[in-house]
Amino acid sequence: MADQYGKYQREWVELAPYWIEVSRQGGDVSRKGMLDAYMLEACGDVSGLRILDSGCGEGRFARILAAKGAQYILGVDNCPTMIEAARQLQSSKEEYILGDVQVLDFIENDSFDLAVSYLNHCDLPDFEANVREVFRVLKNEGRFVIANVHPMRSATGKWCRTPDGAKMHVVVDNYFDEGERPAKMMGVVVTNFHRTLATYVRGFLKAGFVLEDLIEPTVSPEARVQFPELDDEMRVPNFIIYILRKNAAAG
């Protein structure tokens, strides 16, 4: 497993320079044109909160949360290049640690008011380990806001096209065949993990979380004008957001 985990890390080290360049230019279009707004609304008022950014990458969303008034944000990621880049732009409110979000044993119990996972669970071999650890480090009534690739899209997810290239529909196949799915990002092949909707939700509930809401983001008319390349978001559910709450009494 260690060798396998090292493979996943090496993939992200290869991708990191391209990812950092895009993030420094404002972020990829799906995030800045759609997902950021949904994630910020799901997080709510973050003023004065202690926040864990689980799988923080180069820190773009952590910086957004800091600008929104968070008291302290701890970003954790297993890619050293990403963490180095995050530290270059960090404010006094942010701290970035190189670490495995599946093993947060360097964080004390009941330490955070809010945790976020922004398109990171699809990269984790053991997402349930992360969910258990986040549950442990959250204070009672703390929330965990997770954006992920929609399971309907990670099940193949390729467009069926006409001979002239027009998009007809997205292919959904082998939905119940969970496991590794290679994905090409910015010219680099990385390993994503496909899991069913039931597997994710059961993993959250098993850890002790209450599922407060489930959101399937789509692009607003205003954003569609600004970012016409997001037209696909009106046709298929590319992403999904889960809002979880730690409620010790419920457990």
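FYI, the numbering just counts along the sequence from 1. Every value quoted in this text rests on a predicted model; they were computed, and no experiment measured them.
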**OP:** Let me see the working for Leu211 and Leu244 under side chain to side chain contact (heavy atoms under 4.5 Å, CB included), right down to the final yes or no.
**Re:** CA-CA 5 Å; Leu211 178 61; Leu244 312 177; 3.6 Å; yes

Subject >> side chain to side chain contact (heavy atoms under 4.5 Å, CB included) assessment of Val46 paired with Ile73 >> reply: CA-CA 11 Å; Val46 299; Ile73 305 105; over 6 Å; no

Original post:
Yes or no on side chain to side chain contact (heavy atoms under 4.5 Å, CB included) for Met185 and Trp19, after CA distance, side-chain angles and deciding distance?
Top reply: CA-CA 9 Å; Met185 301 172 62; Trp19 188 268; 3.3 Å; yes

**OP:** Run the numbers on Arg24 and Leu89 for side chain to side chain contact (heavy atoms under 4.5 Å, CB included), then give the verdict.
**Re:** CA-CA 10 Å; Arg24 294 295 192 260; Leu89 297 181; 3.4 Å; yes

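Side-chain contact check for Thr196 versus Pro151: every heavy-atom pair is 4.5 Å or farther apart. Counting heavy atoms from C-beta outward, Tyr8 and Glu180 have side chains that approach closer than 4.5 Å. Contact annotation: the side chain of Arg136 approaches that of Asn109 to within less than 4.5 Å [non-hydrogen atoms, C-beta and beyond]. You'll find the side chain of Tyr200 stays beyond 4.5 Å of the side chain of Ile146, heavy atoms only. Here the side chains of Gln102 and Pro125 are in contact, with some heavy-atom distance below 4.5 Å.
Heavy-atom neighbours of Lys68 NZ from other residues, nucleotides or ligands within 6.0 Å: at or below the threshold of 12. Within a 6.0 Å radius of CZ in Arg202, no more than 12 heavy atoms belonging to other residues, nucleotides or ligands are found. Within 6.0 Å of the NZ atom in Lys167, the count of heavy atoms belonging to other residues, nucleotides or ligands exceeds 12. For Gln71, the CD atom is densely surrounded, since the number of other residues' heavy atoms within 6.0 Å is greater than 12.
The closest side-chain donor-acceptor pair between Thr81 and Glu84, if any, does not fall under 3.5 angstrom. Side-chain atoms of Asp123 and Asn192 form a donor-acceptor pair, as typed in the model, at a separation below 3.5 Å. At a cut-off of 3.5 Å, with distance as the only test, a side-chain donor of Asn130 or Ser54 sits close to an acceptor on the other residue. With 3.5 Å as the limit, one finds no donor-acceptor pair spanning the side chains of Asp113 and Tyr72.
Glu14 CD to Cys79 SG: the interatomic distance, rounded to the nearest 0.5 Å, is 11.0 Å. Considering CG of Leu104 and CZ of Phe112, their distance stands at 9.0 Å, rounded to 0.5 Å. Here SG of Cys56 is found 4.0 Å from CD1 of Ile83. Values are rounded to the nearest 0.5 Å. Rounding to the nearest 0.5 Å gives a distance of 11.5 Å between CG of Leu40 and CG of Asp45. The NE2 atom of His121 sits 9.5 Å away from atom OH of Tyr242, with the distance rounded to the nearest 0.5 Å. Here CG of Leu230 is found 9.0 Å from OG1 of Thr218. Values are rounded to the nearest 0.5 Å.
Each of Val219, Leu119, Val29 was checked for a side chain to side chain contact (heavy atoms under 4.5 Å, CB included) with Leu35, and the lone residue meeting it is Leu119. Checked options Gln90, Glu94, Glu58; the residue passing with Arg63 is Glu58 (criterion: side-chain hydrogen bond (donor to acceptor under 3.5 Å, both in side chains)). When each of Val145, Asn247, Ile243 is paired with Glu212, the side chain to side chain contact (heavy atoms under 4.5 Å, CB included) condition holds for Ile243 and for no other.
Judged by distance alone, the side chain of Tyr38 and the main-chain N or O of Ile240 form no donor-acceptor pair under 3.5 Å. Looking at Glu11, its side chain does come within 3.5 Å of a backbone N or O of Thr191 through a donor-acceptor pair. The backbone N or O of Ser154 lies less than 3.5 Å from a partner atom in the side chain of Arg181, making a donor-acceptor pair. A distance-only check finds a donor-acceptor pair linking the side chain of Arg143 to the backbone of Cys43 [under 3.5 Å]. At distances below 3.5 Å, not a single donor-acceptor pair connects side-chain atoms of Arg224 with backbone N or O atoms of Glu233. The main-chain N or O of Phe135 is found under 3.5 Å from a side-chain atom of Lys246 such that the two form a donor-acceptor pair. For Glu216 (side chain) and Pro237 (main-chain N/O), no donor-acceptor pair under 3.5 Å exists by modelled atom type. Asn174 places no side-chain N or O within donor-acceptor distance of the main-chain N or O of Asp177, the cut-off being under 3.5 Å. A distance-only check finds no donor-acceptor pair linking the side chain of Arg235 to the backbone of Val170 [under 3.5 Å]. Checking side-chain atoms of Asn78 against main-chain N and O of Asp100 turns up no donor-acceptor pair under 3.5 Å.
Taking both residues in full, the closest heavy atoms of Asp232 and Trp159 are given as OD2-NE1, 3.5 Å, listed atom of the first, atom of the second, then distance. The two residues Ala207 and Val131 make their nearest non-hydrogen contact at CB-CG1, 3.5 Å. Taking each heavy atom of Gly165 and Arg161 in turn, the nearest pair found is O-NH1, 2.8 Å. Of all heavy-atom pairs between Phe193 and Leu124, the closest is CD1-O, 3.5 Å. Nearest approach of Val116 to Phe144, heavy atoms of both residues: C-CE1, 3.9 Å. Closest approach of Glu133 and Val103 over heavy atoms only: OE2-C, 3.6 Å.
Hydrophobic clustering (side-chain heavy atoms under 4.5 Å, transitive across Ile, Leu, Val, Met, Phe, Trp, Tyr) keeps Val22 apart from Met34. Cluster membership check: Tyr96 does not share its hydrophobic cluster with Trp12, using side-chain heavy-atom separations under 4.5 Å among Ile, Leu, Val, Met, Phe, Trp and Tyr. Cluster membership check: Leu65 shares its hydrophobic cluster with Ile241, using side-chain heavy-atom separations under 4.5 Å among Ile, Leu, Val, Met, Phe, Trp and Tyr. Under the 4.5 Å side-chain heavy-atom criterion for grouping Ile, Leu, Val, Met, Phe, Trp and Tyr, Phe61 is connected to Leu114 within one hydrophobic cluster. Val13 and Met82 are assigned to two separate hydrophobic clusters, defined by single-linkage of ILVMFWY side chains at heavy-atom distances under 4.5 Å.
With a 6.0 Å cutoff to the six-membered ring centre and a 45° limit on the axis angle, Arg195 does not count as a cation-pi contact of Phe127.
The aromatic rings of Tyr175 and His194 stand perpendicular to each other, their planes meeting at an angle above 60°, with 30° marking the opposite boundary.
In summary, Asp28 and Arg60 do not engage in a salt bridge, as defined by a charged side-chain N under 4.0 Å from a carboxylate O.
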